Structures are given as structure tokens and as C-alpha cells.
Chemist: 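There's a structure below that I have some questions on.
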Number of protein chains: 2
Amino acid sequence: MARPPKARDKALAAYCALLGTEGERATTIEAVAAGADISKGGVLYHFPSKEALAEAALEAFREECERDLATMAEAPEGPSRHYVRTSWTSGSDLDTYYTAMVRLAQGSWQPAIDALEWIHEAWLRLIREEVGDRHAAEAIMLIGEGLYHHSSMPGEWSRGTFARSLKQLLEQVDRLKA
Amino acid sequence: MARPPKARDKALAAYCALLGTEGERATTIEAVAAGADISKGGVLYHFPSKEALAEAALEAFREECERDLATMAEAPEGPSRHYVRTSWTSGSDLDTYYTAMVRLAQGSWQPAIDALEWIHEAWLRLIREEVGDRHAAEAIMLIGEGLYHHSSMPGEWSRGTFARSLKQLLEQVDRLKA
DNA sequence: GTCTATATGCTGATAGAC
DNA sequence: GTCTATCAGCATATAGAC
């Protein structure tokens, strides 16, 4: 796994992006191949089954999470602000993998459900270490989740409304921290 | 439409429930028929195509929304608390239809996207009329959205964590209102 | 109004050429 | 490693019996 073939990476990226933007139903192997600009056979060489794609996405997600937890724990602005700010989908790798995991969990794929529970628990723990009050920490986390939920939704209204408000929303977070 | 056949209602309910619990991929006409305890042909008599099911769900959603907006506007506890409290999925009709709409929107179905933008805008307007400050209102709405997002997710952690906290989360809402 | 049986097309996966 | 060709199975939808 030192240097995975480029086609493999492209296919995995296309798979995650498609899940997020088009949903599980539209995320066929053929669509993944088209998105990655390779053939169906090419995809199935690197990922022998469709579930293998999901498993690879899961592993990549876990790796990005470890990285994110480290950054969040040491963020100069504090974990709460870091968490809420980055919940507004910015197109980062973590965003893409997280959205893909949510779609897979919504399709009742147990490994994704487990991974999401694990990361939510970890995120909440970091926020709570900063904030102290358990329920203020939960409220802050939920603001982040709400932001994610809106930003990962198709349509323009959410984007217009909350993108403009991010800075002031972080001030609401400060009010809850106090 | 005075008294729609019972089988029709059962099929529509099964369709919405399946979308929420199992996802779009698992929501096949056969699964809907099984959930409603009728045959595939029976489903397709009342809903000539799969999209007809989605359209019926959309209309039912809109009706529930009108009802909810009226209740929310006149809630003795105030729109904010009402909104956040009912965002924690209770199994109401609105919950079921809303979750179904979210899944359809995530599958890029434009009518669902439009309907969700409309209701979010309406909810935010009511909260803002009570709260005054635009960004406090947005934060409150996002707490509700976060709650919905967690409660509609499979898995036990969210349920255990937030179900116990609802009362104290409403106190956080009060802090933001002030 | 509801059923069974069937046609058609799409999706996941395999085989084998290059 | 990547492609094309092909198969088996499944999902949507239709036809027609009851």
C-alpha cells in the first residue's frame, strides 16, 4: 500500500463524491467508473466488489478522523470553534469521507454506523473537555451537526443563509461556552 | 380523495418508513409491498410508477408542514422550544415524511430539495420572530437540525446521549434566546 | 381493487483479450 | 492494470385473470 495505483485513488474519490452528491441509488459501479474516467472493469480490478469500495472508504475515513482529532485537540481557537467552523463543508477530504459514511449508515451499513458513533463520541469528548458543562457541549456539537446537515444538502438556500453567518454563529458558540 | 383506499395509505406509509430506516436503495416496490402487506401489483395499482410514490409523499409532507407551522406559531412554550423539542424524532407523521423528503433530496430529487428549502425558511422565520437576533435564531434552528440528524440515524449512541438531555438542551436554547 | 405472470432494462460481477 | 464482452439476478412496469 506504499503507492497505490492512481486509478484506484480516482475510483475511490469518485465513489465517495457520488455518494454525497447523488445518493446511494445513483452510485453504481458504472457511474463510479465514469466519474473516475476509467472503465467498469478497471474499477472492479481494484475493488473486487462494491462492498470493497465501501470498506476502502471506511478505512480512509478512519485515517482522516485520527488526523482531525489531533488537529482539533490542539486548535488555537479551541476544539469547539474548530469543530463548528469545519462542520461547514469546505470540500476537505474529511468532509467527503464523512458524507459518504453518513450515506452508507443511512443505508443501514453497520460498519459505517459504528464508525460514526465512534467519531461523534470522540468529538463530543473533546468539546466537553473544553466547555465543562455537559449540555452546553452537546448544544455546541449539535450546532455543528446542523451545519453539516445543511451544507451537505443539495440546493442553494442553506448555502446562502449559513455561509454568510459562520462568523456570528461562532460567537453564539462562545455564548454557550461561557 | 375523500376516503382513499386503505391499501393506498398503507403503501405510502411503508414507503416513507422504509426510506427513512433502510435508505433509497432498499426501498424497492417489492419491499414497500411487503411492508404494507399487499402485493407488488397492488402497490402499482395505486401508484402507477415509483415516482408517483415520491409525489404522494411530497404532498402529504406539505400538508403536515402546514399543520406544524400553525402549531409552532401558537405553541405556549414558544416556537423555538417547540421546534427543538419536536426535532427529536418522536415517530410523528411529520417526522416520517420529513425523513423521507431528506432521503429523496439526498438522492437529488429536485421537488424534495425545493420543499425542504421552503420549510426551513418558514421554520427559521418563526424562530426569528420570537428571538429577534438573527444569528441566535440560526443557532437555535441548527441545534434542532442536529438533533434531527442524530435521531434519524441508525445506531444507539445518539439515542442514548441526546434523549436523556432534551430538557437541558432546551435550557441551552433559552440561554441563546436571552 | 388486488392478484400472478411476464417482459424489459439495469446492476454487479466474471472471463479473457491486450 | 486496464479494457471489452457477456452473464445472471434484480427492479420497474405491464397484461390480464379473478
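Keep in mind the model is a prediction, meaning the values are calculated, not measured. Proteins come first, then strands; the chains are lettered A, B, ... in the order of their sequence lines, and each starts at number 1.
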Chemist: Going by atom types alone, do B:His149 and A:Glu145 pair a side-chain donor with an acceptor below 3.5 Å?
Modeler: yes
Chemist: Would you give the length of the straight line joining atom CG of A:Asp174 to atom CD of A:Gln172, rounded to the nearest 0.5 angstrom?
Modeler: 9.0 Å
Chemist: Could you tell me whether B:Glu30 atom CD has more than 12 heavy atoms of other residues or ligands within 6.0 Å of it?
Modeler: no
Chemist: Is it true that a side-chain atom of A:Glu24 and a backbone atom of B:Glu24 form a donor plus acceptor pair closer than 3.5 Å?
Modeler: yes
Chemist: Using a 4.0 Å cut-off to any heavy atom of chain B, which nucleotides of DNA chain C are the first and last in contact, reading 5' to 3'?
Modeler: C:dG1 to C:dG12
Chemist: Determine whether a donor-acceptor pair (N or O, by modelled atom type, separation under 3.5 Å) exists between the side chain of B:Arg175 and the backbone of B:Glu171.
Modeler: no
Chemist: Sub-3.5 Å donor-acceptor pair from the side chain of A:Arg62 to the main-chain atoms of A:Ala115, do we have one?
Modeler: no
Chemist: Verify the neighbour count for atom CZ of B:Arg164: are there more than 12 heavy atoms of other residues, nucleotides or ligands below 6.0 Å?
Modeler: no
Chemist: For every nucleotide of nucleotides 7-13 of chain D, 5' to 3': is a protein heavy atom under 4.0 Å from its base (B), only from its sugar-phosphate (S), or from neither (-)?
Modeler: ----SBB
